[in-house]
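Have a look at the structure below before the remarks.
Order of listing sets the numbers, starting from 1, for every ligand and every atom in it. In what follows, residues are counted from 1 in the order of the sequence shown. This one's a predicted model, so the numbers in the text were calculated from it and none came from an experiment.
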Amino acid sequence: MSISIQGITKVFPNRRDKKANNIVLRDISFDVSEGEFVSLLGPSGCGKTTTLTIVAGFLKHNGGNVFVNGKEVNKPGPDRAFVFQNYALFPWMKVKENIMYPMKLRGIPKREREEKLKSLLEMAQLKDYGNYYIHEVSGGMKQRIALLRALACDPDILLMDEPLGAVDFQMRQLLQIQLESMLQANKKTTLMVTHDVDEAIYLSDRVIVMSRDHGKILADLKIQLPRPRDRKNEKYHQYTNELTDILRTALDGDVKNQEDEQLLEFINKSKQKESTNKSYSQKSALQGR
Ligand SMILES: Nc1ncnc2c1ncn2[C@@H]1O[C@H](COP(=O)(O)OP(=O)(O)OP(=O)(O)O)[C@@H](O)[C@H]1O
């Protein structure tokens, strides 16, 4: 199934000045093709989550149209599953009950539910954890469980809001590998919000960069690298540099919160790396290497 966002506008009331409005999105358009993985990247407050929740049908837009497989979206539906940053799992339920919950809601027979559960737990290497309670498993496991719950009813579209945002750097890289292999096994049309340039390149077929100028799209970059992706690939570095430059423009020195600080840190680090690499290759050229 494909997603088509055509000229959407979203206006929120301004909390400080009741007479004023905050136009978060103005005339935003892009498509996600069937089976494609697209990331939305951009500084804090540029409207990434707003866009995602409009596609989910949780939020109404003020203009434009959103289509899922040609059908207009105006409410949530079983064709779209949402993965939240804070997992949104039920702490009073066991892992297996959390995963089976949406299937139960949809009236899927018990036997079928249990078969599906088994294959999902195996795919995520969690087969020994079905009977654990949520508070008994790690953050990385919770994130995988949240993804399994989203996949349980076999949605056509996966919408993920910073799905790996709550885990530390090392766990994040491990989860990216697992997430990628799970999604390769269950090819879904996916739209993901992230602050992480590297994560966007590692997982996506396309990366869209939004700006604080009413969500204006600054770039729509196709990542043409074989999977699983090799971070040492020269082209991987080129994508990182390209996106870093665009994000610097999008951020425009306006650091609003911790996420922006991380983004700025990443931009500065990759700039340093780039100039070290340049001076190294100039030196090598001079020395005739
Ligand atoms: N329910 C709401 N009422 C009023 N303003 C809102 C509401 N939801 C979001 N906004 C505002 O809309 C703007 C965009 O928010 P959104 O969460 O979409 O940005 P984002 O790019 O996802 O940011 P972050 O990366 O920090 O999550 C922000 O200025 C935010 O304050």
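Taking all atoms of both residues into account, the shortest heavy-atom contact from L159 to V55 is CD2-CG1, 3.9 Å.
Every residue meeting the ring-ring contact (aromatic ring centres under 6.0 Å, His included) condition with F58, not counting sequence neighbours, appears here in chain and number order: F82. When the side chain to side chain contact (heavy atoms under 4.5 Å, CB included) test is applied to K216, the partners found at least two apart in sequence or on another chain are S211, D213. Annotation: side-chain hydrogen bond (donor to acceptor under 3.5 Å, both in side chains) contacts of D128 (sequence neighbours excluded): none.
A salt bridge links R206 to D220: at least one charged side-chain nitrogen sits closer than 4.0 Å to a carboxylate oxygen. With salt bridges taken as basic N to acidic carboxylate O contacts below 4.0 Å, one links R212 and D254.
Listed by chain and number, F12, R15, N22, V24, P43, S44, G45, C46, G47, K48, T49, T50, H195 each place a non-hydrogen atom less than 4.0 angstrom from ligand 1.
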